[in-house]
2 protein chains.
Amino acid sequence: MTSTGFTSHQAAAITGASLRQLSYWRKTGLVVPSSQTKGGHARYNFTDLIALKAVRQLIVSGASLQRIRQNISSLLRFLPTLKQPLSEMSLVATGDLVLVFHQGSAFEALTGQQWIFEVAQLEREAAKIIDKNPEPYQEVLNFDDEAGSSSNGLAQVGGWH
Amino acid sequence: MTSTGFTSHQAAAITGASLRQLSYWRKTGLVVPSSQTKGGHARYNFTDLIALKAVRQLIVSGASLQRIRQNISSLLRFLPTLKQPLSEMSLVATGDLVLVFHQGSAFEALTGQQWIFEVAQLEREAAKIIDKNPEPYQEVLNFDDEAGSSSNGLAQVGGWH
DNA sequence: ATCTGACAAGAATGCCAACTTTTGTCATTT
DNA sequence: AAATGACAAAAGTTGGCATTCTTGTCAGAT
């Protein structure tokens, strides 16, 4: 059985975390390497690296470890269950959460909750409302206004929380 | 000059906010309709609706108005400057910030800061490190491990903050 | 119809002090 | 080379209380 994986040094170099941090996160269970040598030395696999990088990025983004803890372990549980190739996945580590972008939709790493907002939705909503209550002023349907909205539709916000 | 735009009622119905909220947000400057009737009645344009929907979504996502204030006004300033059609844009309103997804990259609405993480980056980093420090254990480059990483690359976290 | 003003409940924020967590550094061990 | 242990500095959290912000509801004005 060859012991594959990244050493602490390598993981630190790749993810930008310090060895001390890796050690502490290991000890406190935030990110535990998926395997280790017979002598007890850490060996991180690539999924571990993803978690480490996410933690590192969250810290850089201003989150505290205690907040991060809520996300990362569930992210690690979340990743292996993904059917689609991870290559099409992006992680966005913001203030204090991790968003997983995958195949055109977004999930919140903590809950797996869907988070993306379909582009056409706000526009459709607007059109629907206008149909029901035709207003005295007529040009309401003309979205090509001074705000820069081009004719082919706009941004949209929506979703279900 | 025809007064185009959405009335308060319409804007409320489309975005899900209450009339009282629209009123308060108007009064406090969070989202001010871009025009109004001679009688002083609000007329929201589509860009305003985007902002309203974003605010609404942030509230639903658990953010407080006071946090939201930091984002929305800059979002409104941000939108009209976009050269690309807004149709290709998505907004993700998370905990307390707005991410603008546009043409494969992400911006934080407040600062316009780039936020997306290129897919190949973590993998490239890993390969680079391995090249420099060839390890005793050899299979480190084999990312097809039990964690579900498929052969065509993995997730990635990165970016510049 | 839509806005404004006024009252009140509920939520969020700021501040401060005690406490806990996180990280660096360095010495020691395996 | 890598992990562990110990000490200390820096940063983050908690709880309580006063203050401020948000929102609903309702009455009145345009």
Side-chain angles (χ1 to χ4, degrees), chain A residues 3 5-33 35-44 48 52 55-56 58-72 95-96 129-130 132-137 140, chain B residues 3 5-33 35-44 48 52 55-56 58-72 95-96 129-130 132-137 140:
Chain A
S3 85
F6 299 87
T7 67
S8 294
H9 257 101
Q10 292 176 325
I14 293 168
T15 63
S18 72
L19 287 171
R20 183 66 173 88
Q21 286 175 315
L22 257 46
S23 162
Y24 186 63
W25 300 349
R26 216 181 305 136
K27 179 184 170 191
T28 55
L30 178 60
V31 180
V32 178
S35 62
Q36 55 178 33
T37 64
K38 278 181 280 193
H41 286 195
R43 288 298 177 270
Y44 295 93
D48 297 332
L52 290 177
V55 170
R56 161 74 180 167
L58 283 167
I59 290 176
V60 170
S61 304
S64 74
L65 263 204
Q66 310 184 38
R67 294 264 166 79
I68 295 173
R69 288 187 192 282
Q70 301 167 353
N71 281 284
I72 294 305
D96 59 353
I129 298 287
I130 291 169
K132 284 189 174 175
N133 300 327
E135 275 285 311
Y137 4 89
V140 270
Chain B
S3 86
F6 300 87
T7 68
S8 294
H9 256 102
Q10 293 176 325
I14 293 167
T15 64
S18 72
L19 286 171
R20 183 66 174 87
Q21 286 175 315
L22 258 47
S23 161
Y24 186 63
W25 300 348
R26 215 182 305 137
K27 178 184 171 189
T28 55
L30 179 59
V31 180
V32 178
S35 62
Q36 54 177 33
T37 65
K38 278 179 282 194
H41 286 195
R43 287 299 177 269
Y44 295 92
D48 297 331
L52 291 176
V55 171
R56 161 76 180 165
L58 283 168
I59 290 176
V60 170
S61 304
S64 73
L65 261 205
Q66 312 182 38
R67 293 266 164 78
I68 295 173
R69 287 187 193 285
Q70 302 166 352
N71 281 287
I72 295 305
D96 56 354
I129 298 288
I130 290 170
K132 285 190 176 176
N133 301 326
E135 275 285 311
Y137 2 90
V140 270

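Here the structure is a predicted model, which means the values were calculated and not measured. Reminder, nothing fancy here: chain letters follow the sequence lines and each chain counts from 1.
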Closest nucleotide of DNA chain C for B:L65 versus for B:K27: which of these residues is on the 5' side?
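Of the two residues, B:K27 wins.
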When you measure from the side-chain N and O atoms of [X] to the phosphate of [N], is any distance below 4.0 Å, counting only OP1 and OP2?
{"X": "B:S64", "N": "C:dT13", "result": "yes"}
{"X": "A:R69", "N": "C:dT22", "result": "yes"}
{"X": "B:W25", "N": "D:dT22", "result": "no"}
{"X": "A:H9", "N": "D:dA2", "result": "yes"}

Return the residues of residues 15-24 of chain B meeting this criterion: a heavy atom under 4.0 Å from some atom of DNA chain D. Order them by number, or give none.
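Contacting residues: B:S18, B:R20, B:Q21, B:Y24.
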Could you tell me which non-hydrogen atom of A:R43 sits nearest to which non-hydrogen atom of A:D48, and how far apart they are?
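Result for this residue pair: O-OD2, 4.2 Å.
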From [atom1] of [X] over to [atom2] of [N], roughly how many Å is that when rounded to an integer?
{"X": "B:I68", "N": "D:dT23", "atom1": "CD1", "atom2": "C1'", "value": "13 Å"}
{"X": "A:Q66", "N": "D:dA10", "atom1": "CD", "atom2": "P", "value": "19 Å"}
{"X": "B:Q10", "N": "C:dA1", "atom1": "CD", "atom2": "P", "value": "13 Å"}
{"X": "A:R56", "N": "C:dT23", "atom1": "CZ", "atom2": "C1'", "value": "13 Å"}
{"X": "B:R67", "N": "D:dT22", "atom1": "CZ", "atom2": "C1'", "value": "15 Å"}
{"X": "A:K38", "N": "D:dA3", "atom1": "NZ", "atom2": "P", "value": "17 Å"}
{"X": "B:I59", "N": "D:dG24", "atom1": "CD1", "atom2": "P", "value": "9 Å"}
{"X": "B:Y44", "N": "C:dT2", "atom1": "OH", "atom2": "P", "value": "12 Å"}

Checking side chain to side chain contact (heavy atoms under 4.5 Å, CB included) for the pair A:L22/A:Y44: CA distance, chi angles, key distance, verdict?
CA-CA 10 Å; A:L22 257 46; A:Y44 295 93; 3.7 Å; yes
[X] [atom1] to [Y] [atom2] distance, which is reported to the nearest 0.5 Å:
{"X": "B:I59", "Y": "B:Q21", "atom1": "CD1", "atom2": "CD", "value": "5.0 Å"}
{"X": "A:S18", "Y": "A:Y24", "atom1": "OG", "atom2": "OH", "value": "12.5 Å"}
{"X": "A:L52", "Y": "A:I72", "atom1": "CG", "atom2": "CD1", "value": "9.0 Å"}

Describe the nucleic acid contact of B:L30 in one word from base, sugar-phosphate, nothing, applying a heavy-atom distance below 4.0 Å.
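Since no nucleic acid heavy atom lies under 4.0 Å of B:L30, the category is nothing.
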Taking any heavy-atom pair under 4.0 Å as a contact, classify A:G39: base, sugar-phosphate, or nothing.
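Counting heavy atoms under 4.0 Å across all strands, no contact is made by A:G39.
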Donor-acceptor pairs are to be reported for all side-chain atoms of residues 62-69 of chain A against protein atoms at under 3.5 Å, with residues two or more places apart or in another chain.
| residue | atom | partner | partner atom | Å |
| --- | --- | --- | --- | --- |
| A:S64 | OG | A:R67 | N | 3.4 |
| A:R69 | NH1 | A:T28 | OG1 | 3.4 |
| A:R69 | NH2 | A:T28 | OG1 | 3.2 |

How far does the helix from C:dA1-D:dT30 to C:dT30-D:dA1 bend, going by the axes of its first and last five pairs, to the nearest 10°?
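Taking five pairs per end, the axes differ by 80°.
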Close side-chain approach of B:L19 to B:H9, heavy-atom, < 4.5 Å:
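Side chain of B:L19 against side chain of B:H9, heavy atoms only: contact under 4.5 Å found.
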Less than 4.5 Å apart, any side-chain heavy atom of B:R26 and any of B:P33?
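Result yes, sub-4.5 Å side-chain heavy-atom pair found.
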Which nucleotide in the set D:dA3, C:dT21, C:dT13 lies at the smallest distance from any side-chain heavy atom of A:H41?
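Among D:dA3, C:dT21, C:dT13, the one nearest the side chain of A:H41 is D:dA3.
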Just compare C:dC3, C:dT13, D:dT13 and give me whichever is closest to any side-chain atom of B:S8.
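My answer, after comparing the listed nucleotides, is C:dC3.
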